[in-house]
Chemist: 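If you scroll down you'll find the structure; I have some questions about it.
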Protein chains: 2
Amino acid sequence: MRALTPKGAATRQRIVEGAALLIREHGPANVGLDDIRAATTTSKSQLFHYFPDGKSDMLLAVAAHEAERVLDDQQPYLSDLTSWDQWEAWRDRVIARYAAQRRKCPLSALTAQLGLANPAVGDIITGMYARWQGAIAAGVRAVRPDADAERVAAQIIGAIAGGATMLVATDDIRYLEIGLTEAIDNLKSSIRD
Amino acid sequence: MRALTPKGAATRQRIVEGAALLIREHGPANVGLDDIRAATTTSKSQLFHYFPDGKSDMLLAVAAHEAERVLDDQQPYLSDLTSWDQWEAWRDRVIARYAAQRRKCPLSALTAQLGLANPAVGDIITGMYARWQGAIAAGVRAVRPDADAERVAAQIIGAIAGGATMLVATDDIRYLEIGLTEAIDNLKSSIRD
DNA sequence: GCCACTTTGGACCGCGTAGTCCAATCACGG
DNA sequence: CCGTGATTGGACTACGCGGTCCAAAGTGGC
């Protein structure tokens, strides 16, 4: 595992992406190692060669991969929330992204599957949210220097998480639209100290 | 199955509650039929006698049971949001409830396990949210007749769902506190049409 | 062209666990 | 007190699937 040749790295990558695709489509519980093997044209030994600790090890890599996607999909807007126009554009992007994936939230499904027991899972999720919230807080400071940026960012993250949860639960995107719109409007017209 | 004597009904109930308890503690994936059998002092045949379609059938009953609990735990406040004091009391109750359960959200775990494939699961969840949102909307109308009650209720539900999601993900209750407090404050000082 | 190491193939194993089955026992109406 | 149907016990089966293993094939340095 220490020395991975370019070829090996490519195989590993192929496994992660193939598994991510399958899992996004069918859910982690309904995807077995044999499915992944078939979909990535690999063999059982390869799976365990690149992920010595087995399936949980692999799902962890998939989770990290998916977490990265969540943030990447919001770029370049997320990193540049310096005007209300940018905020609107970002908002629309977020809503569009969730509207597209509808009920299939790969990250929540994965974490539910892996469970909170594994601290590595928590680190991935916590880290992602921390970066997300940090980027939003930076944007808040840019447009509203007088606001409590971290608090507002927490509120916005919460609104998105809630909207996503409700989308999965009820297949209705409006919770996300309403929550995110209200949160931003609230920020716009904020008279906070 | 149609004819269930009092004794049979009691057994069935005992199974559901025992299973719910176990699942709340260890998660649906880590609870097998044998665990449930042991915890409820029943036999395999009883499990399948009262839940002919097996485990999924049982988990469905458990999910319905848990959904009921979610709303019950908010009473009597949820049904009587007629003053700001009641709103505050309700808010505190909701936050306290989630603070107590921390990362263990039985309903989300169950739905993740059962999957959206089963329409019966969706019905349980959708129905619960509909009743929840309806109760909140009624409260909004009581204190702010001029507001768009359904929209505000959707926002509040979203804030709670988001807070709960973030609580599970990060073990931090503040998202719920902030989201719910802001949503209610926003309603209090609403100048909406 | 040899050697060490990585990569790959795929048969095989074993366990956990959902689900089956049949017989014993109980409950109650007539 | 008999009989029918509900209820209970628990051994047994089926099998999906994660994980192991060994040997073959590639790869690259010297």
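Naming: A, B, ... by sequence-line order, numbering from 1 per chain. Not measured: the values here are computed from a predicted model. The figures that follow rest on heavy atoms only: side chains count, while hydrogens, waters and symmetry mates do not.
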Chemist: Tell me whether the OP1 or OP2 atom of C/dG9 has a side-chain N or O from A/Thr42 closer than 4.0 Å.
Modeler: no
Chemist: Using a 4.0 Å heavy-atom cut-off, write out nucleotides 12-25 of chain D from 5' to 3' as B (base contacted by protein), S (sugar-phosphate only) or - (no contact).
Modeler: ------BBBB----
Chemist: Enumerate all atom pairs, one protein N or O and one N or O from nucleotides 26-30 of chain D, separated by less than 3.5 Å.
Modeler:
unit_1, atom_1, unit_2, atom_2, d
D/dT27, OP1, A/Lys7, NZ, 3.1

Chemist: Give me each pair satisfying salt bridge (charged side-chain N to carboxylate O under 4.0 Å, His left out) with a member in residues 113-139 of chain A, each pair once, sequence neighbours excluded.
Modeler: A/Glu68-A/Arg131
Chemist: In whole angstroms, how far is the P atom of D/dT8 from the CZ atom of B/Arg14?
Modeler: 7 Å
Chemist: Are A/Tyr50 and C/dT6 close enough that a side-chain N or O sits under 4.0 Å from OP1 or OP2?
Modeler: no
Chemist: Over how many whole Å does the gap from B/Ile15 atom CD1 to D/dT7 atom P extend?
Modeler: 11 Å
Chemist: Can you measure B/Phe51 atom CZ to D/dT7 atom P for me and round it to whole angstrom units?
Modeler: 12 Å
Chemist: Given atom CD of B/Gln113 and atom C1' of C/dA18, what is their separation to the nearest angstrom?
Modeler: 13 Å
Chemist: Taking transitive links into account, so neighbours of neighbours count too, which hydrophobic residues share a cluster with B/Leu21 at under 4.5 Å side-chain distance?
Modeler: none
Chemist: Atom CZ of B/Arg37 to atom P of C/dG19: distance rounded to whole Å?
Modeler: 15 Å
Chemist: So, using salt bridge (Lys or Arg N to Asp or Glu O under 4.0 Å) as the criterion, who are the partners of B/Arg141 when residues are at least two apart?
Modeler: B/Glu150
Chemist: Tell me every residue that passes salt bridge (Lys or Arg N to Asp or Glu O under 4.0 Å) with B/Lys7, counting only those two or more places apart in sequence or in another chain.
Modeler: none
Chemist: It should be established whether A/Gln46 places a side-chain nitrogen or oxygen under 4.0 Å from OP1 or OP2 of nucleotide C/dT8.
Modeler: yes
Chemist: What pairs of residues pass the salt bridge (charged side-chain N to carboxylate O under 4.0 Å, His left out) test when at least one of them lies in residues 51-67 of chain A, not counting sequence neighbours?
Modeler: A/Arg24-A/Glu66, A/Glu66-A/Arg69
Chemist: Can you sort out the partners of A/Ser108 under side-chain contact (heavy atoms from CB on, under 4.5 Å), two or more places apart, ordered by chain and number?
Modeler: A/Cys105
Chemist: Rounded to whole angstrom units, what separation is found between the CG atom of B/Asp57 and the P atom of C/dA18?
Modeler: 14 Å
Chemist: Examine B/Ile160 and A/Val168 and state if one hydrophobic cluster contains both, with Ile, Leu, Val, Met, Phe, Trp and Tyr joined whenever side-chain heavy atoms are less than 4.5 Å apart.
Modeler: no
Chemist: Taking only residues at least two apart or on different chains, which pairs with a member in residues 93-105 of chain B satisfy salt bridge (charged side-chain N to carboxylate O under 4.0 Å, His left out)?
Modeler: B/Glu25-B/Lys104, B/Asp73-B/Arg97, B/Arg102-B/Asp171
Chemist: Measure across A/Leu60 and A/Val121 and return the closest heavy-atom pair with its distance rounded to 0.1 Å.
Modeler: CD1-CG2, 3.5 Å
